[in-house]
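First comes the structure, then the notes that go with it.
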Protein chains: 4
Amino acid sequence: MGTREKILNAAKAQFANKGFHGTLMSDIAQSAGVGKGTIYRYFPSKEELFGSIINSQLESFENRIRVAANSGDSERDVLMDIAKIHFEEYRASKEVIEILVMEGLNKIGDIKQDFKKGIAKIEQIVSQVISKGIYNGVFRDVDPKRTAVIFLGLIWTVLKHGIVMEERDLEKKYFDTIFDIIFHGLLCPDY
Amino acid sequence: MGTREKILNAAKAQFANKGFHGTLMSDIAQSAGVGKGTIYRYFPSKEELFGSIINSQLESFENRIRVAANSGDSERDVLMDIAKIHFEEYRASKEVIEILVMEGLNKIGDIKQDFKKGIAKIEQIVSQVISKGIYNGVFRDVDPKRTAVIFLGLIWTVLKHGIVMEERDLEKKYFDTIFDIIFHGLLCPDY
Amino acid sequence: MGTREKILNAAKAQFANKGFHGTLMSDIAQSAGVGKGTIYRYFPSKEELFGSIINSQLESFENRIRVAANSGDSERDVLMDIAKIHFEEYRASKEVIEILVMEGLNKIGDIKQDFKKGIAKIEQIVSQVISKGIYNGVFRDVDPKRTAVIFLGLIWTVLKHGIVMEERDLEKKYFDTIFDIIFHGLLCPDY
Amino acid sequence: MGTREKILNAAKAQFANKGFHGTLMSDIAQSAGVGKGTIYRYFPSKEELFGSIINSQLESFENRIRVAANSGDSERDVLMDIAKIHFEEYRASKEVIEILVMEGLNKIGDIKQDFKKGIAKIEQIVSQVISKGIYNGVFRDVDPKRTAVIFLGLIWTVLKHGIVMEERDLEKKYFDTIFDIIFHGLLCPDY
DNA sequence: GATGAATGAGTGTTCATTCAT
DNA sequence: GATGAATGAACACTCATTCAT
């Protein structure tokens, strides 16, 4: 494994465990098995190292979601795919998702701006999916932008809940409930 | 205004603006118009000052939500009331809600534990409301606990979205959309 | 008991227990049962309060020792009286002696200078006693000044030892040994 | 000179000059010609730095005294050697002895306990020397433990006197007088 | 390229002292 | 005269960053 990669992996583990402020550069160096100075040969600062992690994960999300959105599947299935992508990334890289969910919005340098931009892009993709779904008669006539926010919010909420409450097998429990409610609503037909 | 209150207000504003780690005790002192040492007459540490703010807001939420849950109204209306309470508290004290939403789960002393406990209590109340709603034929037969998590998470997410994206008139925009979707679902009857 | 006296007693107890730097003015105030501000009506500063205690004890020593020196007794007995005075004062006011022994020479303001002057005066008295003793054929022909230092040093040493090692019944144990050695020497006649 | 050594030397000088509480870490850093943070690479706290100095000197004393005690010389000479060791160490490292004498018993962390233990060990060695001296007919039949306390205390007191009164050529003045008195006593044979 | 010893700006906290009541 | 709330200068300690080797 390359040095840069070793540093990134160590940083992900440390930031996820102890948060941005709780993580020392020396922790990362030690955990990566490199000298402290070496980190600075690859990343100009702690902040940029942190930002790197956040941004690369956001890009990965954006790309995968964009692919799903253009798959040609029913918009109903696209939404389910988007949810699956989130849970998959969570399973594949719990630590990075933990960082995203817990620290993504901390007021650390320009991280927050990057995060906002990343989220906004994803929201826009989802919003377009919903618009298409409405146009194609799959979804009721809801406000697409707000609904995108709500939909993604739901997924993030469940991820966060799993992380915070330290639940195992998060996705299996919640996946069906989320879609049951978001697709069919909570109320009985009579109400 | 009492000194303690001045300090609390200044602290809320500073923590909301700059986050826990970005806020200096001297900022709070200056913004409160008191000496740095004075803060320590009222709060034993920065952490406890922060925790004080978090906990008192969580208690306020819990109490108001408990009252709403016992109001005797239809469970449908209780859920709407609970959402209204969140938006109201947000309007009344944007800064504290901002702190709760942005920093409540940071790894700062025991804050995270307090926060988790507070959230768990509220989730339990909502879970009972949903159970009753199912029993009374208002709600479909969903899993009450998971649905409570999803419902509350949704509201928090929307609050967070409003804060992060700096939207104005947050509640007016989202309130109806949230309940339209969560009550009636996203899919057209045919799907 | 007058307020000034209450403060002095409380200060003696606190300084003896916790040392100068370990004692807070608020400790003294509380232990004296007065307000913190009240101390400053009687003593201009913590340092002066401390100095007051040191100096008044040194004066008491000086006076009693001067009286003993002028008693007309044999110089042998005068030395024993001087030792007795030390042990008596220790018994009567352990705390002040503790302060004298443990903190008298700390580099706190001008305390050290006062202490040095007080000790020098006492040494001079003892030196004169020894001179007279030599003149009167009681003592061997030793250097009176150095012998005074040694004699007083012995007594202080034993006091300090008792305080540090927290021995009880200090004086009974050591009094005879000190005078046995200092009067008759350690060596057997043959050596 | 190694960094650790530079720091230790600077710390000795500063502590001796200004006492523990009067010495700032930044003073030590400046005087050592290193940055403030560098001190903390070698010593975990001001207290430990101080304790380090105290303890290493106490160990040095103990070792040298133990060697002297086992030299096989007459117990009379061993006592004189022990006194010489004290004066030698004083000459070699006035500052550390000054710290020992002036601050060794202050209530600073666990220093006092270390100091007490160190002194107790040395007292025990001396006590054994005196016991042997009595057994071998060199010393009169005195209490060995108390005599050890008195003997060592006397030496320490004279060192302290020299430091406090800022006398030069301390040892030359006092050495003979101390042993004249302590060996042969103060009284004329008739008394 | 890699290192880790050195750095010093930055921060939470303490506590003697003041002064309005 | 007595008080104790308020003060802010002072200080130990941290840690991201640098740079000589």
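Order of the sequence lines sets the chain letters (A, B, ...), proteins ahead of strands, with each chain counted from 1. Worth knowing before you read on, the calculation uses all heavy atoms, side chains too, and leaves out hydrogens, waters and symmetry mates.
Cation-pi check for K94(D) over Y90(D) is met; the charged atom lies under 6.0 angstrom from the ring centroid and within 45 degrees of its normal.
In this structure, dT21(E) and dA2(F) make a Watson-Crick or G-U wobble pair, each of the two defining distances being under 3.5 angstrom. With both pairing distances under 3.5 Å, dT11(E) is matched to dA12(F) as a Watson-Crick or G-U wobble pair.
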Evaluation steps, side chain to side chain contact (heavy atoms under 4.5 Å, CB included), between F115(B) and I108(B): CA-CA 11 Å; F115(B) 192 82; I108(B) 301 166; over 6 Å; no
Side chain to side chain contact (heavy atoms under 4.5 Å, CB included) between T3(A) and R41(A), intermediate numbers included: CA-CA 10 Å; T3(A) 304; R41(A) 301 191 61 77; over 6 Å; no
Intermediate values then yes/no, side chain to side chain contact (heavy atoms under 4.5 Å, CB included), I111(D) and N106(D): CA-CA 8 Å; I111(D) 307 299; N106(D) 275 359; over 6 Å; no
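Remark: Y40(C) is not in phosphate contact with dT3(F), judged by side-chain N or O atoms under 4.0 Å from OP1 or OP2. OP1 or OP2 of dA6(E) sits under 4.0 Å from a side-chain N or O of T3(D).
Here dA5(E) presents its C1' atom at 16 Å from CD1 of I39(A), a figure rounded to the nearest Å. Per the geometry, NZ belonging to K6(B) stands 15 Å off P belonging to dA5(F), to the nearest Å. A straight line from OH of Y42(B) to P of dT7(F) spans 9 Å, rounded to a whole angstrom. Note: CD1 (I28(A)) to P (dA16(F)) measures 8 Å, nearest angstrom. Note: CG (D27(C)) to C1' (dT14(E)) measures 13 Å, nearest angstrom. Spacing between atom CD1 of I7(A) and atom P of dT17(F) amounts to 14 Å, rounded to whole angstrom units. Residue Q30(C) contributes atom CD, which lies 17 Å from atom C1' of dA16(E) at whole-angstrom precision. Atoms CZ (R41(D)) and C1' (dG8(E)) sit 15 Å apart, rounded to a whole Å.
At a threshold of 4.0 angstrom between heavy atoms, the contacts of S45(B) are confined to the sugar-phosphate backbone, with no base atom among them. If you check every strand for non-hydrogen atoms under 4.0 Å, F43(C) touches nothing. Using a 4.0 Å heavy-atom criterion, one finds that K46(C) contacts the sugar-phosphate atoms exclusively. Residue-level contact check: S26(B) touches neither bases nor backbone, having no heavy atom under 4.0 Å from any strand.
Taking only distance into account, the side chain of K36(A) meets the base of dT17(F) through a donor-acceptor pair shorter than 3.5 Å.
In this structure, V34(D) and E47(C) both approach DNA chain E, and ranking their closest nucleotides by distance from the 5' end singles out V34(D). When the nearest nucleotides of DNA chain F are assigned to T38(C) and T38(D) by heavy-atom distance, the more 5′-ward of the two goes with T38(C). For the pair F20(C) and G33(D), nearest-nucleotide mapping onto DNA chain E gives the more 5' position to G33(D).
Across T23(A) and K46(A), no two heavy atoms sit closer than the pair O-NZ, 2.7 Å.
Taking the side chain of L24(B) as heavy atoms from C-beta on, and the options dT11(E), dA16(E), dA6(E), the nearest nucleotide is dT11(E).
For NZ of K112(D), the number of neighbouring non-hydrogen atoms (other residues, nucleotides, ligands) closer than 6.0 Å is greater than 12.
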